[in-house]
Participant: 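Here it is, the structure, as structure tokens.
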Amino acid sequence: MPANAGASRKPLPPHRLDQVPPDLIGAAYAIGNFDGVHRGHAVLFEAARTDARRRGVPAIVLTFEPHPRSVFRPEAPIFRLAPLAAKARLFAAMGLDGLIVISFDRTFAGHTADVFIESDLIGRLAIKGAVVGYDFHFGKGRVGSPEYLADAGSRLGFDVRVIEPVSDETGIISSSRVRAHLEAGDVEGANRLLGYRWFVTGEVISGDRRGRTLGMPTANLQLGPDSRLRHGIYAVRVRRPDGSIHDGVASYGRRPTFDDGAPVLEVHLLDFSGDLYGEDVVVTFFDWIRPEVRFESVDQLVAEMNRDLAAARRCLATASPGTPLDLALDAIG
């Protein structure tokens, strides 16, 4: 369950495995990559919270950064649904108590499953209980499995709970399915699997200020090079560091009418004037409006942009408050 939506919280600060504060040791740990942090992961986190309450200890997330795919196949990076900054917000909104991040590199990947269990889980963390997904693997050659971990726990004195797949009418809920929806521009489909509205975080960077000359200034964010979000126009909301939330319309793509450059997320805030440069913002995606296209003239582009603004207003005016997790995310400072 999400944290109390009425109580403001901060994103969980990440702690390195060799710098874990004492109050995060001897806890119940949810262990995994958790890219996407979808509805299946939410079941796992609730199980970890339940185990923690029973023991009277914190519920802690133990995760790995960067994603193993970036280490083993850097030429084919995976579309990261929730980089670490987004995970930190989500874990806080879900009511977890702490975040420990293991640096995943080839040295760590070369450790055996037994080294991970005995040196890290027991030696460093004094683990009391672990909750993992049905597909969790660890250790050199991915030898470690949920069953391997449970067997070690029974011998070494900690409990292990394995969460079975969570499914909807289409199949098992997975990060791969979420990615496929976003790659198709199907924001609503992705959000149904996530259990909240997908969002990105980042610092507003300077652009070419072309939007200002067109009468629609934008706040620009550079998404990761792995982003495969479909290029197009989206209805969004933007959360600023001061907690204010603004309706907006976003364009993600290469600006084919002008320069066909590197992909950038350009967000125009409705009924807003001000300078956002340098601010760390959260952009939440509500719905798809249209694909990115090349226009024959600037006048045609501006006319279509005005129609995009109207479409975004209609979408956001009728949008529901969202799920309890959406409300909890809105309360994260």
Side-chain angles (χ1 to χ4, degrees), residues 36-37 79-83 85-86 89-90 93 178-179 181-205 207 211-212 214-224 227-255 263-277 279-293 304-323 325-332:
V37 193
F79 177 11
R80 292 295 305 275
L81 299 173
R89 296 184 64 83
L90 284 158
V178 178
R179 290 188 191 97
H181 281 293
L182 292 174
E183 289 168 9
D186 181 9
V187 172
E188 288 189 331
N191 292 348
R192 283 194 297 271
L193 296 177
L194 292 170
Y196 58 91
R197 293 179 175 117
W198 185 65
F199 64 89
V200 298
T201 65
E203 180 181 344
V204 177
I205 59 175
R212 192 175 300 276
L214 299 176
M216 297 181 190
T218 60
N220 300 336
L221 281 76
Q222 190 75 61
L223 303 189
S227 176
R228 294 200 297 273
L229 176 67
R230 185 180 178 187
H231 292 184
I233 313 302
Y234 297 86
V236 302
R237 283 195 175 129
V238 176
R239 190 186 198 281
R240 299 181 62 198
D242 63 6
S244 61
I245 297 176
H246 304 266
D247 289 352
V249 59
S251 170
Y252 180 63
R254 297 181 178 276
R255 305 161 304 284
V264 174
L265 181 67
E266 301 173 290
V267 187
H268 174 70
L269 277 61
L270 307 182
D271 308 315
F272 174 84
S273 62
D275 188 352
L276 301 180
Y277 290 120
E279 289 192 2
D280 289 315
V281 299
V282 180
V283 181
T284 301
F285 288 71
F286 280 68
D287 207 355
W288 162 267
I289 295 176
R290 65 168 176 87
E292 180 181 54
V293 297
E304 190 65 28
M305 290 169 66
N306 283 316
R307 287 189 283 271
D308 296 337
L309 292 179
R313 287 186 189 277
R314 289 193 299 271
C315 170
L316 297 169
T318 58
S320 73
T323 67
L325 186 49
D326 283 310
L327 299 178
L329 283 164
D330 284 344
I332 299 297

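The model shown is predicted, which means the values in this text are computed figures rather than measured ones.
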Participant: Between R80 and G224 (side chain of the first, backbone of the second, donor and acceptor by atom type, cut-off under 3.5 Å), is there such a pair?
Facilitator: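 Flag not set: sc R80 to bb G224 has no pair under 3.5 Å.
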
Participant: Flag the pair E292 and R254 as a salt bridge only when some basic side-chain nitrogen lies within less than 4.0 angstrom of an acidic carboxylate oxygen.
Facilitator: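 No.
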
Participant: Check step by step if side chain to side chain contact (heavy atoms under 4.5 Å, CB included) holds for I233 and M305.
Facilitator: CA-CA 9 Å; I233 313 302; M305 290 169 66; over 6 Å; no

Participant: Check whether any side-chain N or O of H231 sits under 3.5 Å from a backbone N or O of Y252 as a donor-acceptor pair, and report yes or no.
Facilitator: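 Not confirmed, H231 side chain does not pair with Y252 backbone.
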
Participant: Given Y196, which partner from the list V37, L327, T284, N191 fulfils the side chain to side chain contact (heavy atoms under 4.5 Å, CB included) test?
Facilitator: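 Looking at V37, L327, T284, N191, the match for Y196 under the side chain to side chain contact (heavy atoms under 4.5 Å, CB included) is V37.
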
Participant: Taking only residues at least two apart or on different chains, which pairs with a member in residues 306-317 satisfy salt bridge (charged side-chain N to carboxylate O under 4.0 Å, His left out)?
Facilitator: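 Passing the test, one end in residues 306-317: D271-R313, R290-D308, E304-R307.
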
Participant: I need the L325 CG to R197 CZ distance, nearest 0.5 Å.
Facilitator: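 Between L325 CG and R197 CZ, I get 11.0 Å after rounding to 0.5 Å.
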
Participant: Does the W288 side chain pair with the main chain of A184, one donor and one acceptor, at a distance under 3.5 Å?
Facilitator: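 Such a contact is absent between W288 side chain and A184 backbone.
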
Participant: Does Q222 use its side chain to pair, donor to acceptor, with the backbone of P263 at less than 3.5 Å?
Facilitator: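 Checking the backbone N and O of P263 against the side chain of Q222, a donor-acceptor pair under 3.5 Å is found.
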
Participant: Considering only heavy atoms from C-beta outward, does the side chain of Y234 approach that of V283 to under 4.5 Å?
Facilitator: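 Heavy-atom side-chain distance check fails, nothing below 4.5 Å.
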
Participant: Decide yes or no for L221 and I205: does some side-chain heavy atom of the first lie under 4.5 Å from some side-chain heavy atom of the second?
Facilitator: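 No; the side chains remain at least 4.5 Å from each other.
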
Participant: Going by the rule ring-ring contact (aromatic ring centres under 6.0 Å, His included), which residues pair with H246 if we only count those two or more places apart in sequence or in a different chain?
Facilitator: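 Partners of H246 under the ring-ring contact (aromatic ring centres under 6.0 Å, His included) test: F272.
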
Participant: Should R239 and F199 count as side-chain neighbours, where that means a heavy-atom distance under 4.5 Å?
Facilitator: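 They are not in side-chain contact.
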
Participant: What pairs with R192 under side chain to side chain donor-acceptor pair (under 3.5 Å), at least two apart in sequence or on another chain?
Facilitator: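 Partners of R192 by the side chain to side chain donor-acceptor pair (under 3.5 Å) criterion come out as none, since no residue qualifies.
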
